[in-house]
Every structure is written in structure tokens, then in C-alpha cells.
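Values below: every heavy atom of this structure, side chains too, minus hydrogens, waters and symmetry copies. In listed order, ligands and their atoms are each counted from 1.
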Amino acid sequence: MAEIILDSKAYKHNLNLISSHIGSHSSPNVELAAVLKDNAYGHGLNEIASIAAEYGIKSVFVKNHNEAIQVCELFPQVTALYGMPQGDFAKNIAFVIHDKEHISALPKGTKVELKVNAGMNRNGIQPSELQSFIKDILQKGLELIGVFSHNGYGDDLDSAFFDTQSNFALIKQEVLHLSQKYGFAPPRFHSLSTSGAIRVASESGITDDLVRIGIGAYGYLDVSFKNPISAKLQKVASLYADRVSTRFLHKGERIGYSGCTTLESPQVISTYDIGYGDGFFRVSEHHKVHTTNGLQILPRSSMDCFSCFCDEPRICVFKDVSELAKAFGTISYEILTHLSPSIKRTII
Ligand SMILES: *Cc1c(COP(=O)(O)O)cnc(C)c1O
């Protein structure tokens with residue numbers, strides 16, 4: 001049966017690496033929060049949560065209420081980035097306010113984080129709406145534990161990155177002013193994901209209270225700027241597929257749907273139990289994709305299997321998805337998040 005092996009040492013190594021890079025350049029109290037959304041980037045929410053908790057992570061970010069309830073006993077603070085609760089929820093789950101209707105949807109006493117648009121123009125309220133939202137949050141009796149934004153320019157050497165950071169600095173000032181005016185405790189401030197955190201730590205030092213580390217912890221950081229981290233990260237997930245069947249075919253025989261691959265010589269060929277139904281992108285005649293040992297994954301792959309010229313009982317489909325991402329014209333995040341939750345996960 002196909003299997004994803006999760007290297008817990010690699011995850012912890014990556015957090016140590018990022019933490020020491022950030023810590024040596026920033027105020028000493030920047031908290032490292034783990035982003036576990038979307039089934040921990042396809043790695044497996046419960047598995048990565050257990051490793052993160054063992055490491056000592058205190059705050060995590062998940063996609064929604066459903067993910068939050070799966071991990072809320074492992075961490076003091078869990079934030080659901082999207083959506084409102086469906087039914088009861090634990091006290092340590094915070095929900096994100098993007099809109100006034102979210103304020104009315106939540107019961108009194110609920111922890112919330114307010115998302116503010118600092119220049120990415122994707123989610124969050126406008127900075128000019130801060131006072132109005134904060135007044136409503138207080139009036140509703142919600143507990144404002146955080147104010148945050150997301151910098152959409154962290155991966156590129158685009159000056160818009162710094163404009164976004166300056167906008168967030170103004171947002172912080174305004175919130176601190178309002179906290180004095182209305183007498184609520186200053187919330188935690190955060191604006192940086194992996195790439196931005198690495199970059200700001202190298203350049204000016206991080207002044208936020210917390211950074212939200214996703215992709216870097218899983219071992220990837222594909223950015224266009226030079227940094228001391230990318231080359232030292234270790235990949236956490238590797239995917240293995242097991243043989244379903246083996247046969248010997250003659251020259252000229254064709255394999256799979258539409259007979260897409262034609263044998264140029266007699267070959268031993270086997271199928272392995274990973275297909276696009278398992279979230280592994282469909283390999284067609286437009287892609288040239290190889291396993292870790294350099295065997296071509298022959299087009300076209302099927303819903304539940306692919307073929308290779310070999311007869312090994314088990315093959316490693318990837319230890320690193322960077323090449324696959326290139327072959328499919330996408331980014332490592334997308335290859336990873338697609339991995340089906342039903343593939344067996346084993347932590348080593
Ligand atoms: C996904 C996400 C992150 C993590 O980004 P990485 O590039 O994976 O580090 C941080 N913050 C928010 C709001 C996100 O949605």
C-alpha cells in the first residue's frame with residue numbers, strides 16, 4: 001500500500017534552522033507559529049501537529065473549524081483562518097474576522113484575530129475600517145487576541161514587499177492607539193510567512209510578535225532572493241508506491257489508456273499504486289516525470305496507478321517535489337497539498 005513517510009527530525013531541524021536565523025536578527029521574543037492548514041500542506045494534520053507539539057510550538061494556524069477541533073488539545077492557541085464555527089468549539093480556538101458578518105456570527109467571549117489588508121488586496125478589512133471593526137468587536141464582547149496581515153510579495157525582490165511592511169507598521173500603531181483609547185489589551189501582531197520572515201530577519205530584524213511558518217517547516221523555500229536557509233532545509237515528506245502487477249511486453253506493444261506509451265524494445269513493466277485519485281498529478285504525454293531513482297513514470301497515469309519499466313516491489317515516487325512542480329508547471333505547495341488524506345502516513 002502506498003505510503004507517505006514523514007521525517008520528524010527534518011521538521012524539527014527546519015524549525016531550529018528558521019528559529020535561529022530569526023532569533024539572531026530580531027527581538028528575542030518573536031514566537032514561531034506553525035501553519036498546519038490544508039491537512040498540514042498535504043502531509044497529514046494529526047501527524048504534523050503531533051511533531052509540532054512535541055517540538056514545543058504553542059500557536060498554530062489551520063484552515064477552518066474542522067481542522068481546529070482535530071488539534072486544539074495539542075496547542076494553547078489554534079487559529080482557524082477561514083470560516084465560522086459549526087457547532088461547539090474549544091475556548092482556545094480563535095476565528096478570523098474578515099467582515100462585519102463574522103462579528104455577528106460569533107458568540108460573546110470568542111477569541112478572534114482581525115485580518116487587515118496591508119497591500120496584497122486579497123483578504124481582510126481596509127486599514128481605514130480599523131476603528132469601526134474594533135468598536136464592534138468590543139461591543140459584541142469578543143476577545144481580540146491578534147491583528148494580522150499577509151505579505152503577498154515575500155517570494156520576490158519587489159519593493160511592494162516593503163510598502164506592505166510599512167502599511168502594517170501603521171496598522172500596529174493605530175491598533176495600539178485604539179487599545180489605549182478603549183482600554184483593551186494589545187493584541188499580538190503578525191504579518192510574515194516563511195519567505196518574508198527569512199527576509200526581514202536578514203535585513204532589518206522582525207518587530208512582530210509572531211511569524212507564521214508554513215512551507216519552510218516542510219523543507220521548501222523557493223524564493224528569488226539569496227538566503228542562508230533554502231539550501232539547508234530538509235524535506236519532510238517522501239512518497240512511496242507499491243507494485244500492483246508485473247508483466248513482460250514485446251517491442252511495439254502499447255501500455256495504458258489510449259496506448260500512449262509504445263515499447264521500443266522488450267521490457268519488464270510494473271504498475272504501482274499511486275494515481276491521480278491519490279492526489280498525485282496525472283502524468284500525460286505532455287509531462288516527463290521521474291521517480292527518485294530516475295525511472296520514468298510512463299504516460300498516461302491512471303486514477304489509481306502508474307506504470308514504470310521495472311519490477312521492484314516498492315519505489316520512491318519523490319523525496320523532493322521541486323522537479324515534479326516544474327514538470328507540472330506549478331509550485332511545491334500545490335503538489336504537496338493535493339496528496340490524498342487517505343494515503344497511509346508513517347512518522348519516522
Ligand atoms: C499559508 C499561510 C501562511 C504560511 O505561508 P508559507 O509561505 O507556507 O510560510 C502564513 N499566513 C497565512 C495567512 C497563510 O494563509
Stacked cation flag R199 on F225, 6.0 angstrom / 45 deg: yes
Do me a favour and list the nearest non-hydrogen protein atom to [atom] with residue, atom name and distance?
atom	value
atom 5 (O) of ligand 1	S193 CB, 3.2 Å
atom 7 (O) of ligand 1	Y333 OH, 2.7 Å
atom 14 (C) of ligand 1	K37 NZ, 2.9 Å
atom 11 (N) of ligand 1	R212 NE, 2.7 Å

So, are E129 and K100 salt-bridged, with charged N and O less than 4.0 Å apart?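 Looking at K100 together with E129, the answer is no, because their closest N to O distance does not fall below 4.0 Å.
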For ligand 1 and [X], I'd like to know whether there is a polar contact (N/O to N/O, distance under 3.5 Å).
X	value
I213	no
K115	no
V35	no

Part of T194 with heavy atoms under 4.0 Å of ligand 1, whether side chain, backbone, both or neither: both
Please work out which of the three classes, parallel, tilted or perpendicular, describes the rings of Y82 and H98, given edges at 30° and 60°.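 Judged by the thresholds at 30° and 60°, the geometry between H98 and Y82 is parallel.
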Would Y41 count as a contact of ligand 1 if the rule is a heavy atom under 4.0 Å away?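 Checking ligand 1 against Y41, which is what was asked, there is a heavy-atom contact under 4.0 Å.
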Does E285 use its side chain to pair, donor to acceptor, with the backbone of R300 at less than 3.5 Å? no
Is it true that a side-chain atom of H150 and a backbone atom of A118 form a donor plus acceptor pair closer than 3.5 Å?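 Checked: no pair found.
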Please check if any side-chain donor atom of N121 sits under 3.5 Å from a side-chain acceptor atom of N117, or the reverse. yes
Look up atom OG in S332 and atom CG in L324, then write down how far apart they are to the nearest 0.5 Å.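 Answer rounded to 0.5 Å: 10.5 Å.
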